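Remember, predicted model here, so these are calculated numbers, not experimental data. FYI, the numbering just counts along the sequence from 1. Atoms within each ligand, like the ligands themselves, are counted from 1 in listed order.
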Amino acid sequence: MENKADSPLKRDDKKENNSKDIEVTSVVYDAEQHSLLCAGCSCLCDDISFYLQQGRICRTLNLCEVGRHRLGTIDAEGRMPPLSASQLTERLKEAADLLRTRTPALILGADSLGGAALQETWTLAEDLKGIWLPWVFSGLQAFYDQVKKIGWPTALLDEVRDQANAVIFWRADPLITHHRHLSRYSVFPRGRYTERGHHDRSLTAVNTEQTIIEPLCQQYFQIPFEADTAFIEELIQPRPDNTFPHRDFPLMIKAMERASFIALFVDPEKTGKDSLEAMFQWAGKVNREGRQRMVIMPLWDGGANVEGFCRLSLEKAGTPWGTDFSRTFKPSGDPQLDQKKLAESVQSILVFEPHPDSLQSRKIPQALADKPRVIIDPFKQSPVQPADLVIPAALPGVETDDLFFRADGLPMKVEGPEALAGQEYPSIEKLLREILIEVGRR
Ligand code: SF4
């Protein structure tokens, strides 16, 4: 930590400007820290600068809009006031009572949390005989079904940056969910073998509606969801007589032929099971032929630690999408159907960092809107239902140090600025331990 309070550059000055004096007031920072990680999404950008005054972040560098949305609200206006010790004890008891009596409880959204708190959510779900799910459980099931069936062609994001010369976003738009994905890994950076950045790559996107990324794409396919599988089959085996009826199809075929490394980023929650299977078969064929390499990487519109959740879930339950200790719910991989089935099974909810007005879609599903719930969140909730019990907490990765996994599975320790006065809020890990004591586990 570097203290710049006495830096000669940080003072109130009066400077001459030919005809008149101009008062120049420079901001004096109490502390500044650089090259920190952001846990706003699973890109985990590692070049963030924080400037602090009186124990608060007053300026940041390199955060995108998603990151600013997450960190910009950790000032007093964006948060619930911290609870007193007696209020907190009371609230935790009420939370434990609710989750213990309204069973089965759904523990939703632990993919927003760092490693230690994530572990505690598993223990709590096990103890309550509840249902333990990340925000994107349907997509995880659908994606890993293909991984099991066909095998997973994947890569580090650094390899994509260095080598990919054809990039495809399939029903995923990083300009909505992972803003700096394009500039750090997939399109604009100069890599080892893509020395001219985006001039060395072709960019394709597929979506039903117009999305923000469209103006950057050489090929843009605005096609209905139902057309995906036929489109992929044409890409696997282009037919000279009956090509896919789209203006950009011939361009895409050429781009695929020219590429030595194809990186396909897909949002499995928005892509059908058959289309996912066709995509994996396409990659399998390309890789077997051996002239090119093709990788498929999910771009989840979920918590920043989806990969951490998957790892823990695979280790503990043998499934990547979570587990159901109550044995009342089995996800089908279809998000709409799964929400209905979940609503029939669940009697209460413990949820982490729901974002009702977020850029990302971490929202409590409508089908579950009438279930009583405990919300643990660093941010102010709006609106709060009368049945909600809200417990304010420290922000993971900023006010507590945490282990997160990057989108390509790389583990990274995320630490906030040392001088940040976050001690007034308890960590989520500590809150979960207290709830566990209340429900009788410890
Ligand atoms: S892209 Fe993600 S990790 Fe990077 S600054 Fe934005 S929110 Fe943070």
Side-chain angles (χ1 to χ4, degrees), residues 32-51 57-75 78 109 111-115 118 134-136 156-158 160-161 164 167 169 172-189 191 197-198 203 205 211-213 216 263 265 267 297-309 352-355 357-363 377-379 394-417 420:
E32 60 190 78
Q33 208 164 343
H34 306 281
S35 305
L36 295 184
L37 275 75
C38 167
C41 76
S42 56
C43 284
L44 300 185
C45 297
D46 57 2
D47 57 353
I48 311 299
S49 297
F50 291 92
Y51 299 83
I57 297 169
C58 61
R59 182 181 168 217
T60 59
L61 286 183
N62 292 339
L63 278 178
C64 72
E65 200 183 345
V66 175
R68 280 204 306 276
H69 190 80
R70 181 179 158 90
L71 298 176
T73 45
I74 62 165
D75 56 15
D111 49 319
S112 304
L113 309 180
L118 192 47
W135 289 107
V136 290
L156 288 175
L157 284 166
D158 314 72
V160 171
R161 180 197 60 212
V167 175
F169 286 99
D173 189 339
L175 290 179
I176 298 172
T177 54
H178 299 66
H179 285 186
R180 294 182 69 208
H181 196 281
L182 298 178
S183 58
R184 286 181 60 86
Y185 305 117
S186 49
V187 178
F188 296 112
H198 68 288
L203 177 60
T211 60
I212 304 173
I213 201 172
L216 299 177
F265 294 93
D267 183 342
M297 302 178 79
L299 200 66
W300 303 107
D301 187 3
N305 200 16
V306 180
E307 292 303 325
F309 185 100
F352 305 95
E353 290 196 41
H355 285 203
D357 51 359
S358 164
L359 293 166
Q360 294 178 298
S361 56
R362 274 179 266 161
K363 295 180 184 138
D377 196 349
F379 306 108
L395 180 58
V398 177
E399 292 170 326
T400 57
D401 296 349
D402 271 301
L403 182 70
F404 281 73
F405 284 76
R406 202 171 68 174
D408 53 1
L410 204 67
M412 300 177 108
K413 190 172 177 201
V414 186
E415 299 168 302
L420 195 60

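Residues Asp47 and Arg180 are paired through a salt bridge, judged by an N-O separation under 4.0 Å between the basic side chain and the carboxylate. Salt bridge status for Arg406 with Asp158: present, with a side-chain N to carboxylate O gap under 4.0 Å.
Taking the six-membered ring wherever Trp is involved, the centroid distance between the rings of His181 and Phe265 falls below 6.0 Å.
Counting only non-hydrogen atoms, the option in Cys45, Ala39, Ser42, Gly397 that gets closest to atom 3 (S) of ligand 1 is Cys45. When Pro174, Cys64, Ala304, Gly67 are checked for heavy-atom proximity to atom 5 (S) of ligand 1, Cys64 turns out nearest.
A distance-only check finds a donor-acceptor pair linking the side chain of His179 to the backbone of Leu175 [under 3.5 Å]. Asn305 places no side-chain N or O within 3.5 Å of a backbone atom of Ser112 that could act as its donor or acceptor partner.
Put simply, the residue from Ile213, Leu182, Val160 that forms a side chain to side chain contact (heavy atoms under 4.5 Å, CB included) with Val187 is Leu182.
The atoms of ligand 1 that sit less than 4.0 Å from any heavy atom of Leu44 are 3 (S). Those atoms of ligand 1 that come under 4.0 Å of a heavy atom in Cys38, given as number and element, are 3 (S), 5 (S), 7 (S), 8 (Fe). If you number the atoms of ligand 1 from 1 as listed, the ones under 4.0 Å from a heavy atom of Gly40 come out as 7 (S).
Counting only heavy atoms of the protein, atom 2 (Fe) of ligand 1 lies nearest to Cys41 SG, 2.3 Å. Scanning the protein heavy atoms around atom 1 (S) of ligand 1, the nearest turns out to be Arg180 N, 3.4 Å.
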